[in-house]
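As structure tokens, the structure follows; a few thoughts come after it.
Order of appearance sets the numbers: ligands from 1, and atoms from 1 within every ligand.
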Amino acid sequence: MRTVITGGAGFIGSHLCERLLARGDVVLCVDNLITGALENIEELRKNDRFQFIRHDISHPLEIDGPVDNVLHFASLASPVDYLRHPIQTLKVGSLGTHNTLGLAKVKDARFLLASTSEVYGDPQVHPQREDYWGHVNCVGVRGCYDESKRFAEAIAMAYLRTHEVNTSIVRIFNTYGPRMRLDDGRVLPNFMGQALRGEPLTVYGDGSQTRSFCYVDDLVEGIVRLLESGCHEPVNLGNPSEITILQFAEEILALVGGKSKVEFRPLPQDDPKVRQPEIAKARSLLGWQPRIDRHEGLKRTLAYFQRRVAQSARS
Ligand code: UDP
């Protein structure tokens, strides 16, 4: 198998590269490093089946030779990043998806789009099933991300229906694990960094909003199963274990120890109040369910963030 993966130097992308190399694939990792990092793929670059191509996939990309799979994971996925780069976010979700679909079409490859639970917006149906159409503010600050992914899903379906490209769509819910950036602004890196430095944990709003956190290895297993399936419809992947953000802060405080307290900050605009994946479809179509519970996943992630915090203190 020869597999092209955009966003391959990012958090989820680099774990996928690693997994696909272990499966025996030749992996062509495409990334412009706007949020990805070479250190995520440092080990992988020693493998002669791995190639790194520095490229912004919002511009067309030509690849020589056959390609069996095209996975489009390039995106600015953290709210802090996409609020800072809204136009790049819209471009990679729209033009980037168009370009990667074009590549899959010309190579007759399987295509997999990394979509998101954000297509459901601030959901009025709970938990979120794939047949829910969502509740998105297209002109709000999160619209650049949500609408680019909704467009990406629409164009993937159009390429399936019009050109019979072998497309698939994964809707990824909150995921965590090693290789998240310490400063990416998401809740877990913030809380772990703050707890490890003995700073207050910044809970936005009253902390009653919920999320459901999936460990990255579980997610990657589901993505590979979806890639290997013939499924074209969107499939949710995430861990249905739901928790309030305030409880999450307390869990991390208990795990890390130390003297940090919780501090409340204003809730960002259009912050979804609840989020929990309905995963019946992934269970029945892919035989998939998460295996790593939050306690175990957080322990593994803490070991990584301990190293990151120590590194950043030295530099
Ligand atoms: N959040 C928080 N404190 C932080 C960062 C985030 O309370 O320092 C909240 C945020 O308002 C949201 C949830 O945690 O309700 C998850 O935020 P994140 O940025 O991780 O991703 P989202 O799920 O909103 O895309």
query = Which one of R211, R142, R186 has a non-hydrogen atom at the shortest distance from atom 25 (O) of ligand 1?
reply = R142
message = With heavy-atom distances below 4.0 Å as the criterion, list the atoms of ligand 1 near V203.
response = 7 (O)
query = Any nitrogen or oxygen of I245, main chain or side chain, under 3.5 Å from a nitrogen or oxygen of ligand 1?
reply = no
query = Considering the options Q128, E153, E130, which one meets the side chain to side chain donor-acceptor pair (under 3.5 Å) requirement together with R171?
reply = E153
inquiry  = Please classify the N174 to ligand 1 contact at 4.0 Å (heavy-atom distances, strictly less than): side chain, backbone, both or neither.
reply    = side chain
query = How about F213 and F173: are their ring centres within less than 6.0 Å of each other?
reply = no
ask   = Is it the side chain (CB and beyond), the backbone, both or neither of N190 that lies under 4.0 Å from ligand 1, heavy atoms counted?
value = side chain
message = As a quick check of understanding, evaluate salt bridge (Lys or Arg N to Asp or Glu O under 4.0 Å) for E39 and R308, giving each step before the final call.
response = CA-CA 12 Å; E39 59 181 321; R308 298 311 307 239; 3.4 Å; yes
ask   = G185 heavy atoms, cut-off 4.0 Å: which ligand 1 atoms fall inside?
value = 5 (C)
query = Do any nitrogen or oxygen atoms of T202 come within less than 3.5 Å of a nitrogen or oxygen of ligand 1?
reply = yes
ask   = Under 3.5 Å, N or O to N or O, is Y82 touching ligand 1 that way?
value = no
message = Tell me if the CD atom of Q311 is crowded by more than 12 foreign heavy atoms within 6.0 Å.
response = yes
